[in-house]
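Report on the structure given below.
Naming convention: chains lettered A, B, ... in sequence-line order (proteins, then strands); numbering from 1 in each chain. Below, each value reflects all heavy atoms present in this structure, side chains not excepted, and no hydrogens, waters or symmetry copies.
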Protein chains: 2
Amino acid sequence: MSIVTPPARLPLRERKKLRTREALIDTALEHFTDRGFDGTTLDDLCAAVEVSKRTFFRYFDSKEDVAMAPTQDLWAAFLDDLQTRRPTGGPLLTLLQDTLLAALDRMPAEGWAERVLLTRRLAARTPSMNAHGLQFCDRTTRGAITILRERFGLTDPHDLRPRLALDMMVAAFHCALEEWAFQPGPVSRDDLTARLRDAFAAIPGSVTMTVA
Amino acid sequence: MSIVTPPARLPLRERKKLRTREALIDTALEHFTDRGFDGTTLDDLCAAVEVSKRTFFRYFDSKEDVAMAPTQDLWAAFLDDLQTRRPTGGPLLTLLQDTLLAALDRMPAEGWAERVLLTRRLAARTPSMNAHGLQFCDRTTRGAITILRERFGLTDPHDLRPRLALDMMVAAFHCALEEWAFQPGPVSRDDLTARLRDAFAAIPGSVTMTVA
DNA sequence: AGGTTTATGCCACTCAGTGGCATAAGCTCC
DNA sequence: GGAGCTTATGCCACTGAGTGGCATAAACCT
């Protein structure tokens with residue numbers, strides 16, 4: 001769980017901040033995984049990183065937040081891509097899929113996947129972390145809707161389809177993540193990409209699926 | 001915001017418990033709405049209902065929980081119906097829609113809708129309540145999957161479609177709820193039913209929708 | 001009425017999260 | 001290579017959610 005070397009030429013102060021941030025994230029994931037989320041107090045964590053609790057809260061909004069950072073990076077990239085990527089016409093769901101895959105592709109090849117894995121496994125056994133993650137998804141979804149409205153002229157607020165499509169994307173993402181995080185063997189970012197493709201591909205079938 | 005009269009012939013003790021429960025829920029919704037969720041302390045609330053804080057936590061798991069009770073009743077009914085209703089063959093999504101509508105139909109015609117309305121509007125401006133609600137949906141969804149597996153022989157754990165279909169149902173529900181809760185004019189349970197139908201109807205279109 | 005069960009109240013405690021203010025570390029410009 | 005500014009950090013005291021333990025009281029059951 002090594003501290004990421006800050007990317008070269010930043011002012012010293014910024015480099016230090018990055019280092020503390022990374023240290024907090026990694027130590028948190030480590031302690032939460034070993035002793036459980038509730039079994040780790042912020043005082044423990046802060047002591048381990050040699051930082052005051054006051055400082056912790058200048059970096060993160062909550063105890064849950066620190067463990068969610070890697071996943072939040074992905075969604076931030078997603079919103080960013082949605083805002084800036086050249087729009088390809090066609091099915092909205094395909095656009096969303098491509099944008100998410102592009103965002104995923106921008107995540108650091110080194111270390112990111114491992115952290116997200118820990119995050120997910122933690123969330124699965126820590127209700128408050130799960131709740132926090134879901135809330136974050138919800139916020140992101142709303143942000144995405146705003147962008148879609150602006151960039152694609154989907155201005156009718158009573159057209160439910162954009163929102164539904166986004167929620168499907170999120171559903172596919174969660175499916176993929178869960179399959180990926182609880183499968184035995186090594187995990188990689190590419191593996192997640194593949195599962196994400198599968199999940200998206202399963203969407204049409206899930207609408208028409210019949211039973212009994 | 002009147003206290004619901006306990007349904008006739010229960011032992012006195014049980015009737016009292018029901019009353020305190022209702023009083024806590026209604027007073028909480030009232031105070032949270034007036035003074036905000038964060039602007040109301042549990043001590044305030046408990047003082048208003050004349051109950052000790054210790055007792056509060058014997059009825060509800062958290063401050064958020066008390067304001068979510070009416071919505072949770074709906075989902076409890078949904079799971080119950082999913083477990084017990086005679087299964088009609090056909091599209092899974094239709095089955096889910098019918099089950100949810102049936103559950104909705106079982107909610108008290110009197111007072112329930114008003115409470116859910118307050119709950120939703122509160123959740124919209126209180127992140128921790130929103131998070132709590134989403135987490136509850138997630139738990140319910142997982143419960144529903146288990147039931148689907150048992151009752152409809154959907155045993156393949158790698159078939160993502162049931163989970164996706166359930167998430168679509170939840171998405172439709174959230175859409176409907178939001179439209180319903182933020183629309184001007186009076187609100188009724190039947191109105192919610194109608195909007196729920198609309199939201200479900202929009203699902204196929206949201207999968208195929210194209211842009212730009 | 002008398003004994004059992006079960007809900008409630010009270011008290012002391014832990015821990016997440018916040019506000020305010022003093023200090024120290026990094027930055028900037030002469 | 002300091003003087004002076006800016007910004008991050010530390011410290012302290014505080015609020016409020018949530019919990020455990022134990023004593024009391026209310027409802028239940030002959």
Going from [atom1] on [X] to [atom2] on [Y], what distance comes out if it is rounded to the nearest 0.5 angstrom?
X	Y	atom1	atom2	answer
B:Ile147	B:Thr84	CD1	OG1	9.0 Å
A:Cys137	A:Met169	SG	CE	8.0 Å
B:Arg151	B:Leu95	CZ	CG	8.5 Å
B:Thr126	B:Asp38	OG1	CG	6.5 Å
A:Thr20	A:Arg58	OG1	CZ	12.0 Å
A:Met168	B:Asp167	CE	CG	10.0 Å

What is the per-nucleotide protein-contact pattern of nucleotides 13-21 of chain D, from the 5' end, where B denotes a base atom under 4.0 Å from a protein heavy atom, S denotes such proximity for sugar-phosphate atoms only, and - denotes neither?
---SBBBBB
Under a 4.0 Å heavy-atom criterion, the protein footprint on nucleotides 22-30 of chain C, written with B, S and -, is ---SBS---
Expressed in angstrom and rounded to an integer, what is the separation of [X] atom [atom1] from [N] atom [atom2]?
X	N	atom1	atom2	answer
B:Tyr59	C:dA7	OH	P	8 Å
A:Leu18	D:dT7	CG	P	18 Å
A:Leu45	C:dG17	CG	P	12 Å

Does the plane of the ring in B:Phe60 sit parallel, tilted or perpendicular to the ring in B:Phe56? Use 30° and 60° as the thresholds.
tilted
Note: A:Ala23 and A:Val49 closest approach over all heavy atoms is CB-CG1, 3.9 Å
I need the single residue from A:Leu177, A:Leu29, A:Ile25 that forms a side-chain contact (heavy atoms from CB on, under 4.5 Å) with A:Thr119. Which is it?
A:Leu29
Do NZ/NE/NH1/NH2 and the carboxylate oxygens of A:Arg106 and A:Asp80 come within less than 4.0 Å?
yes
Does A:Thr55 make a side-chain N or O approach to OP1 or OP2 of D:dT9 shorter than 4.0 Å?
no
Axial bend angle, the helix from C:dA1-D:dT30 to C:dC30-D:dG1: five-pair end segments, nearest 10°:
20°
